[in-house]
Each structure stands twice: as C-alpha cells, then as structure tokens.
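As structure tokens, the structure follows; a few thoughts come after it.
For clarity, every value in this text was computed on a predicted model and none was experimentally measured. Lettering of chains follows the sequences in order, A, B, ..., and the numbering in each one begins at 1.
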Number of protein chains: 2
Amino acid sequence: MGEVKLSASNLKEPWRAYMRRKGLKTTQQREAIVDAFLRTTGHVGLEALLSSARKANPGVGLATVYRTVKLLEEAGLAASRQFGSGQTLYEVSGQRAHHDHIICQQCQFIVEFESDEVEQLQSRVAHRLGFNILQHRHELFGLCEKAQGIPGGHCPSEKARKK
Amino acid sequence: MGEVKLSASNLKEPWRAYMRRKGLKTTQQREAIVDAFLRTTGHVGLEALLSSARKANPGVGLATVYRTVKLLEEAGLAASRQFGSGQTLYEVSGQRAHHDHIICQQCQFIVEFESDEVEQLQSRVAHRLGFNILQHRHELFGLCEKAQGIPGGHCPSEKARKK
DNA sequence: GTCCCTGCAAACTATTTGCACCGGG
DNA sequence: CCCGGTGCAAATAGTTTGCAGGGAC
C-alpha cells in the first residue's frame, strides 16, 4: 500500500495549475490568503483567515478573502461547511481522507470521523442515480456522553469552551 | 413487517404534547404556521411558508414564522437544510424514513435518496465515539448525467428549472 | 388580570457588489 | 499599456430583536 501523505504545501501546485488554466493573475494578496489557508488545519472562518493573511500582507481586505476562497472552492482545494453558527467555515480538502463531522448540540464541539464504508456506500448509491459526486457534506448532530448524562462520560469540548 | 405510514397530520399530536410540556400557548398564528408546515412535502423556505400560512391567517408576520419554526425544530418536527442557496430550507422530519440529498451543482436540482446501510453505519460510528445522534445531514454534491455530458443522459431538473 | 405572543420596523450578521485606482503580465 | 484585481464602503439577504399592544389561559 503506497502511502501518500498529502501535506498542505503540496496543494500549492494544483492551485498554480488552476490559476494558469483559468488565466488568472497571481497577486500578493492571493498568495497571502492561499498560503494562510493552506497552513490551516481545522475549520476556519473568513474573518480569522483575514487576520492570518494580514500577517503576511497587512493591506488585504475582507472582500478579497471572500473572492479568493471562492476560487479555492472552484479549484477543489477548499470545502465549505455550515454548522449551526451562521458563519460559513472552510477547510482544506484533498489533504486528508474525506472526513465527516459529529457536532454535540449541547457543547457545540465538533468531532471528526472517517468511514471508508460510508464513503463507498454513498458513491455507489449516487452512481446508481446517475450522479458523479464531487463533494459531500455529512454531519451528525447529537449529544456527547456527558451531555447524555452518562456517569463518567466526558465531552471532547471539556476545555474548548465555545465563546 | 408492520408498515407504519406516518402522515403529516399525525405529527400534530407530538406538537401539542411539546407545547403542553413546555407550557407554551396555542395561538391562531402558530396553528396556521404549523398546519401549513405539516402540509408541506419537499423543502420550504420561510418566505414560502409565510405566504402559505397567510392563506389561513392573513395577519401572520414573518418574524412569527421564524419563531415558530424554531419551536418546531426544538420539538424535533422540522429539520433545517442549507444547500448552496443562502437561504435555510426546512422539511418535516419523522414523516418518512431518514433521507439524504444529492444536489447537481450545475442544475441545482435536488434528488433525495435513502440508504438504510448508510444510516446504520453512521449510527454505529457515532456510537463508538460515545455520541447519541439526534439529527443528521448528508448531502452529496456532484453532476447529474446530463451535466456530465453523458449522451442520452438526462437531468431530473429538466422541467424544474430553478428561479 | 397576567404574562406570553405578535407584528412591525429597526438592528444585526454574513456576504456581495460598484467603483476608482493599482499592479501583474 | 491593458485589463483583471483590490480596498473600501455601500448594498443585499437572511435572520433576529425591542417594544407597545393584544390575546390565551
């Protein structure tokens, strides 16, 4: 089993390829935003991405972040997620295996999981319906052990309180 | 296999129970909105729900629709979906078996599917992580036959153009 | 009667867009 | 040079909220 570990920096090339293919320009701002984004690990909001990008280029504006992330999405390098927060969060895609999310409705904490079986099943189902799947979003909402009141149960959010 | 076909009207009782349990009042507006919602089949936007509810009670306001749908969600009778449209859509839950969605990114058309296997798998995975799942959201984004350029392929949206 | 509920309009939040200027190719 | 890209601010879109008056219990 040849193990291929994709690191974020490897994704810079697909990005360049995409830009070239579309005839888009490489600007300082885009570079700053894309670099900041690819350095990202969990789920980023665009405000957070903005301040991260500003470390490399203080002049970057929020609108450009929105515009650039849209490009990243089209290039297949970013995936958007809408949890219940109202804000759209993004994560680098193609980096790890597809993974999905379980959100505790009490703690608001997000756990990631992956299941090849689910992946396979869903693509089989989709194929049967004539679809070619490009992206997917799979979110389970429920209660973690602690929220269920299980004695000794704990919540992954124990020290990652929201707000 | 005893087949239990839940019709929307059956859901009126759980709703009443919820209202009683929470000590909430039954008002004309709430009745109009809930009735309109339970009559619903696909995915409704709240503007649409508003005008539907206004047929029974012209005075209903949009804010009350938002407030009431939030109650329906808490009661477990409504499930929210965010497809790419920006607007949150709702559907009656508990009516049919859990079902998930495939969205064609070109036509914007939504196909529903259900897979017991996927359901089972996902709850097993969640359980392993200590979670008790209450709701879930499973959306596949891709291209329908036509959008893929398959000769003779057709798109379910053929006559259900968006907008 | 007592509060909960409601409609309206204003407030908010996230995202998009118009426009004059800037800079990459 | 040309035209796409950018920042800013204003414009949108969806959703929430404050408040005075009304209705359910």
Side-chain angles (χ1 to χ4, degrees), chain A residues 15-37 43-51 53-75 78-90 162-163, chain B residues 15-16 18-37 43-51 53-75 78-90 108 162-163:
Chain A
W15 166 248
R16 293 211 190 86
Y18 176 81
M19 295 298 277
R20 220 175 301 126
R21 177 155 27 94
K22 292 277 185 174
L24 300 172
K25 293 179 181 171
T26 297
T27 66
Q28 283 183 250
Q29 292 90 324
R30 281 173 178 170
E31 288 293 291
I33 295 166
V34 171
D35 288 345
F37 178 68
H43 307 100
V44 228
L46 297 197
E47 291 280 0
L49 187 53
L50 174 65
S51 49
R54 277 187 168 160
K55 286 172 191 158
N57 184 335
V60 178
L62 183 55
T64 302
V65 174
Y66 274 91
R67 291 187 271 229
T68 303
V69 169
K70 189 158 288 177
L71 292 178
L72 282 164
E73 252 189 301
E74 287 166 17
S80 69
R81 308 283 169 190
Q82 350 256 155
F83 304 117
S85 63
Q87 203 189 167
T88 300
L89 301 180
Y90 291 84
K162 186 207 182 185
K163 171 164 266 174
Chain B
W15 166 248
R16 293 210 190 87
Y18 176 80
M19 295 299 274
R20 220 174 301 125
R21 177 156 27 95
K22 291 278 185 176
L24 300 171
K25 292 179 180 172
T26 298
T27 65
Q28 282 184 248
Q29 291 90 325
R30 282 175 177 170
E31 288 292 293
I33 294 165
V34 171
D35 287 346
F37 178 68
H43 307 100
V44 228
L46 296 197
E47 291 280 1
L49 186 53
L50 174 66
S51 49
R54 276 187 168 159
K55 285 172 191 158
N57 183 335
V60 179
L62 183 55
T64 302
V65 173
Y66 274 91
R67 291 186 272 229
T68 303
V69 169
K70 189 157 291 180
L71 292 178
L72 283 163
E73 250 189 303
E74 287 166 16
S80 69
R81 310 282 169 192
Q82 348 257 156
F83 304 117
S85 62
Q87 203 188 168
T88 301
L89 302 180
Y90 290 84
Q108 295 296 311
K162 183 206 180 185
K163 167 165 268 173

Checklist entry - Nearest-Å distance, CD (B:Gln29) to C1' (C:dT6)? => result 6 Å
Next on the checklist: If you define the side chain from C-beta out and look only at heavy atoms, does anything of A:Leu71 sit under 4.5 Å from A:Lys22?
Outcome noted: no
Checklist entry - In whole angstroms, how far is the P atom of D:dG5 from the CD atom of A:Glu31? => result 13 Å
Next on the checklist: Classify A:Leu46 by what it touches in the nucleic acid, base, sugar-phosphate, or nothing, heavy-atom distance under 4.0 Å.
Outcome noted: nothing
Checklist entry - Among C:dC8, C:dG25, D:dT15, which nucleotide sits nearest the side chain of B:Arg67? => result C:dC8
Item to check | Separation of atom CG in B:Leu89 from atom P in D:dA13, rounded to whole Å | outcome: 17 Å
Checklist entry - Atom CG of A:Leu24 to atom C1' of C:dG24: distance rounded to whole Å? => result 12 Å
Checklist entry - Within the pair A:Lys70 and C:dT15, is there a side-chain N or O less than 4.0 Å away from OP1 or OP2? => result no
Checklist outcome for this item: From CZ of A:Arg20 across to P of C:dG24 the rounded distance in Å is 18 Å
Item to check | Heavy-atom closest contact (A:Gln87 atom, A:Leu46 atom, distance) | outcome: OE1-N, 3.7 Å
Checklist entry - With a non-hydrogen cut-off below 4.0 angstrom, is A:Lys22 in contact with a base, only sugar-phosphate, or nothing? => result nothing
Next on the checklist: Please report the distance, rounded to the nearest Å, between CG in A:Leu49 and P in C:dT15.
Outcome noted: 12 Å
Checklist entry - Do the non-hydrogen side-chain atoms of B:Met19 and B:Trp15 ever get within less than 4.5 Å of each other? => result yes
Item to check | Side-chain donor/acceptor of A:Thr68 to backbone N/O of A:Val65, under 3.5 Å | outcome: no
Checklist entry - Of the candidate nucleotides C:dC5, C:dG24, D:dG14, which contains the atom at the shortest distance from the side chain of B:Lys25? => result C:dC5
Checklist entry - Tell me: CD of B:Glu47 to P of D:dA13, nearest whole Å? => result 11 Å
Next on the checklist: Need one value for B:Gly59: base, sugar-phosphate or nothing, where a base atom within 4.0 Å counts as base even if backbone is also close, heavy atoms only.
Outcome noted: sugar-phosphate
Checklist entry - Rounded to whole angstrom units, what separation is found between the CG atom of A:Leu62 and the P atom of D:dA10? => result 16 Å
Next on the checklist: Measuring from the side chain of A:Arg30 (C-beta onward, heavy atoms only), which nucleotide among D:dG14, D:dC25, D:dG5 has the closest atom?
Outcome noted: D:dG5
Checklist entry - So, is A:Tyr66 near the phosphate of C:dT16, with a side-chain N or O under 4.0 Å from OP1 or OP2? => result no
Item to check | Which nucleotide in C:dT15, D:dT15, C:dA9 has an atom nearest any side-chain atom of B:Ala63 | outcome: C:dA9
Checklist outcome for this item: B:Thr27 has its side chain closest, among C:dC5, D:dG14, C:dA9, to C:dC5
Checklist entry - If we only count heavy atoms from C-beta on, is the A:Tyr18 to A:Leu72 side-chain gap below 4.5 Å? => result no
